[in-house]
**Q** 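One structure, as structure tokens, below. Some questions next.
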Amino acid sequence: MDAAAHPSRPAPVGMPMRAAQGDRRSKDGGGTRDGAATITKPQTRSKRPSLYRVLLLNDDYTPMEFVVLVLQEVFNKTREDAMRIMLLVHNQGVGECGVYPFEVAETKVTRVMDAARKNQHPLQCVMEKQ
Ligand code: TYC
């Protein structure tokens, strides 16, 4: 039996389900006059999403403990990793909290900035394309 026509099997990647399931009806112009379905292949390869580094910046006023808590809460770091990153930022001026797809990075920056504002700390968090 043709694997693509088997009703319980998923359609092969790139093959429209209706065609894969052997349904010869065409609602979108993919069919021909004799009722045969057209099987389309993706014309482009899917691209990997761009990644963004999320960075914390040092300042003289934000308490160290607040930065450590932010790293644990927002970036899911262990207490030990959070401490290490906080001290690196404290000593070097800037440090990486993680690398994420655009929308994840954006959400993390917003969470950090919201927490800093709410607690009246000048902590800054930015993202940059990797
Ligand atoms: N430099 C701050 C202090 O001495 C601590 C700090 C660390 C602030 C990291 C911001 O991203 C930062 N209290």
Side-chain angles (χ1 to χ4, degrees):
M1 192 203 238
D2 176 10
H6 196 288
S8 66
R9 251 176 234 152
V13 174
M15 188 183 287
M17 279 305 280
R18 230 178 323 110
Q21 287 166 348
D23 184 338
R24 297 278 180 225
R25 286 169 303 161
S26 179
K27 292 198 180 76
D28 57 7
T32 61
R33 279 178 188 283
D34 66 7
T38 304
I39 293 167
T40 53
K41 198 174 128 210
Q43 292 304 295
T44 51
R45 304 262 257 131
S46 48
K47 290 195 217 92
R48 279 168 295 152
S50 302
L51 293 175
Y52 292 77
R53 302 174 73 208
V54 176
L55 308 171
L56 270 185
L57 309 184
N58 188 38
D59 66 72
D60 292 338
Y61 304 102
T62 303
M64 290 183 172
E65 179 60 20
F66 182 80
V67 178
V68 171
L69 289 175
V70 161
L71 284 162
Q72 288 184 259
E73 290 292 320
V74 178
F75 298 97
N76 307 313
K77 302 297 182 188
T78 62
R79 180 92 193 157
E80 293 70 29
D81 279 353
M83 193 75 80
R84 185 182 51 74
I85 295 167
M86 182 280 294
L87 285 174
L88 187 137
V89 177
H90 176 72
N91 291 317
Q92 314 269 7
V94 59
E96 185 181 291
C97 310
V99 179
Y100 310 95
F102 182 86
E103 283 183 8
V104 178
E106 200 180 34
T107 301
K108 291 193 186 288
V109 169
T110 301
R111 286 179 64 189
V112 173
M113 297 303 286
D114 284 355
R117 193 178 312 113
K118 199 172 141 194
N119 291 277
Q120 297 185 292
H121 297 314
L123 181 64
Q124 293 293 308
C125 183
V126 298
M127 58 195 265
E128 65 171 34
K129 199 160 189 234
Q130 215 186 22

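Below, each value reflects all heavy atoms present in this structure, side chains not excepted, and no hydrogens, waters or symmetry copies. This is a predicted model, so every value here is computed, not measured. All ligand and atom numbering here is 1-based and tracks the order in the structure.
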**Q** For atom 6 (C) of ligand 1, state which one of V68, L55, V94, N58 supplies the nearest heavy atom.
**A**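 Nearest heavy atom to atom 6 (C) of ligand 1 lies in N58.
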
**Q** Assess whether a salt bridge exists between E65 and R79, defined as any Lys/Arg side-chain N lying under 4.0 Å from an Asp/Glu carboxylate O.
**A**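 The answer is yes: the pair qualifies as a salt bridge.
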
**Q** For atom 4 (O) of ligand 1, find the nearest protein heavy atom and state the residue, atom name and distance (0.1 Å precision).
**A**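 It is H90 CE1, 3.1 Å.
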
**Q** Of all the atoms in ligand 1, which lie at a distance below 4.0 Å from a heavy atom belonging to V89?
**A**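 Counting from 1, the qualifying ligand atoms are 9 (C), 11 (O), 12 (C).
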
**Q** Short N/O distance, under 3.5 Å, between D59 and ligand 1?
**A**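 Between D59 and ligand 1 (N or O atoms, distance only) the closest approach is under 3.5 Å.
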
**Q** Can you confirm, on distance only, whether ligand 1 has an N/O atom lying under 3.5 Å from any N/O atom belonging to L57?
**A**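 Yes.
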
**Q** What ring-ring contact (aromatic ring centres under 6.0 Å, His included) pairs are there with at least one residue in residues 65-103, not counting sequence neighbours?
**A**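 Passing the test, one end in residues 65-103: Y52-F102, F66-H121.
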
**Q** Between OG1 of T107 and CE of M127, what distance do you get to the nearest 0.5 Å?
**A**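 Answer rounded to 0.5 Å: 9.0 Å.
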
**Q** Restricting to non-hydrogen atoms, name the atom on P101 and the atom on L51 that form the minimum distance, rounded to 0.1 Å.
**A**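 So the two residues come closest at N-CD2, 3.7 Å.
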
**Q** Heavy-atom contacts with T62 under 4.0 Å: which atoms of ligand 1 show up? List them by number with element.
**A**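 Those atoms are 2 (C), 3 (C), 5 (C), 6 (C), 8 (C), 13 (N).
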
**Q** Which ligand 1 atoms are under 4.0 Å away from a heavy-atom of L123?
**A**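 Heavy-atom distances to L123 below 4.0 Å select 10 (C), 11 (O), 12 (C).
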
**Q** Check whether any N or O atom of Y61, backbone or side chain, sits under 3.5 Å from an N or O atom of ligand 1, and answer yes or no.
**A**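 No: no nitrogen or oxygen of Y61 is under 3.5 Å from one in ligand 1.
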
**Q** Using every non-hydrogen atom in the two residues, find where R53 and V99 come nearest and quote the distance to one decimal.
**A**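 Residues R53 and V99, closest heavy atoms: CG-CG2, 4.1 Å.
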
**Q** Would you please name every residue forming a salt bridge (charged side-chain N to carboxylate O under 4.0 Å, His left out) with R117, sequence neighbours left out?
**A**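 Scan of R117 (salt bridge (charged side-chain N to carboxylate O under 4.0 Å, His left out), adjacent residues dropped) gives D114.
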
